[in-house]
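As structure tokens, the structure follows; a few thoughts come after it.
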Amino acid sequence: MSPNDIISATQVLAATKCLDRNMPFALYARPGEVQCTFQASGRCDSRSVNDFCSGASDDFAVSMFDNPAHCVVIPAGLTAKDILAGDFRGCEADLLPAVQSTDYTTYSSSVGALIAEMKADHSKTVVSRIIKCVGVDPVLAAQRYFKLFRDTFRYLYFTPQTGIWLGATPESLCSYNRSCNLITTMSLAGTRPAESEGEWDIKNVDEHRFVTDFICSVLKGNCSKVEVGTPFSLRYGAIEHLCERIEAHGVTDLSAIIAELSPTPAVCGTPRDVAMRRIRRVEHHERYCYGGWVGVVGDNVVDCYVNLRCALAGKGDGDTYIYNVYAGGGVTGQSDAADEWREADAKASALLSCIGQKSGCHSTISPDNDRLTSTRR
């Protein structure tokens, strides 16, 4: 294994075989890790978040955006060598990518109406879009993507219930240390070009404050002490986010915290029930795992991350794959629909480049006249 290879040759072969044969598997690396973990299983369990938190070490779990109290678990039953030596086969995926990208005209009209609503009630709604493209196989895309973002939680997984997902998320939902009964998490919201000078603008500051206040309210209801750190800018490729580290001591109910935190205002909005209704009204695609959580149980820790900077993949013609790359932004009364569209483009650009689509295209806005254009890569 080369020092630059985050995914070993054996793991590449095993993951490829799992995709070819529809075997449930997970390939992942925690932030800072330079080598991936691979695990596969002949079965996937549907569990409550409480059962996952108290489950076996190395269980890998993923939840849907609209059902955070339950998850699909891939137990650590089979190694990469087991997969390569055996004749394993699974079931085809229930979820497949949509065949069209989000339409700009529809998006702009919907977001414009939301902005008018939120000027009146000072709320926030995160509106997502999908970019449909054709690209390389997910294992090759993962090799490229994982190298770019070593400080994120990187993952490629497949289950029949979820389909194939690839992502590299910078956002921790929560990390729980059993030995000291401590939760660490972050408030991550607000987006601007990397290395921007000057103070963050009011739109991004307000968007970030929504998230911080929400997280603290959940933690205070399930912990004895909550501490919020100093805000700083956290870079992710060509963009940066406003971030605060948060710690909570004296945890009384970890599963309740996970279920209540997800989806956070950073991927949904606030008030959450109002934002969820608006999302169902204006988005013309299913989020599935996007905006949910993905997690791993360790020997003494439970790590959960917000499922962001990700794509749903499905087999296309020949050796190609169809992808739906998900991206979104927090819409408030200070937003501009064209700016929100561009922000989503910026968030998706790194993953799109790693997918390396040749015959696909994604939509963006001409910076000159805000017309919808088609960009081929």
Could you work out the complete set of other residues in the hydrophobic cluster of Leu188, with links drawn between I, L, V, M, F, W and Y side chains under 4.5 Å apart? Met186, Phe232, Leu234
Just jot down the side-chain hydrogen bond (donor to acceptor under 3.5 Å, both in side chains) partners of [X], sequence neighbours excluded, or say none.
{"X": "Arg192", "answer": "Glu240"}
{"X": "Tyr107", "answer": "none"}
{"X": "Asn177", "answer": "Ser179, Asn300"}
{"X": "Thr252", "answer": "none"}

Other residues, nucleotides and ligands only: do more than 12 of their heavy atoms fall within 6.0 Å of [atom1] on [X]?
{"X": "Asp317", "atom1": "CG", "result": "no"}
{"X": "Asp121", "atom1": "CG", "result": "yes"}
{"X": "Gln100", "atom1": "CD", "result": "no"}

Test Trp293 against every option in Ser63, Ser262, Ser172 by the side-chain hydrogen bond (donor to acceptor under 3.5 Å, both in side chains) rule and name the one that passes. Ser63
Sequence neighbours excluded, every pair satisfying ring pair (Phe, Tyr, Trp, His ring centres under 6.0 Å) that has a member inside residues 236-281: Phe149-Tyr236
Please collect all ring pair (Phe, Tyr, Trp, His ring centres under 6.0 Å) contacts where either partner lies in residues 59-88, sequence neighbours excluded, each pair once. Tyr28-Phe60, Phe60-Tyr157
Using ring pair (Phe, Tyr, Trp, His ring centres under 6.0 Å) as the criterion, list what pairs up with [X], not counting sequence neighbours.
{"X": "Tyr305", "answer": "Phe153"}
{"X": "Tyr321", "answer": "none"}
{"X": "Tyr326", "answer": "Trp165, His285, Tyr290"}

Does the salt bridge (Lys or Arg N to Asp or Glu O under 4.0 Å) test come out yes or no for Asp206 and Arg209, once each step is laid out? CA-CA 5 Å; Asp206 285 348; Arg209 178 177 51 80; 3.6 Å; yes
When you compare the side chains of Arg278 and Ser123, does any donor N or O come within less than 3.5 Å of an acceptor on the partner? yes
Give a yes-or-no answer on whether the side chains of Tyr176 and Asn181 include a donor-acceptor pair shorter than 3.5 Å. yes
Please enumerate all residues that pass salt bridge (Lys or Arg N to Asp or Glu O under 4.0 Å) together with Arg235, with sequence neighbours excluded. Glu195
Heavy-atom closest contact (Cys268 atom, Ala275 atom, distance): O-CB, 3.5 Å
Applying salt bridge (Lys or Arg N to Asp or Glu O under 4.0 Å) as the test, list every pair that has at least one member in residues 14-24; sequence neighbours left out. Arg21-Asp87
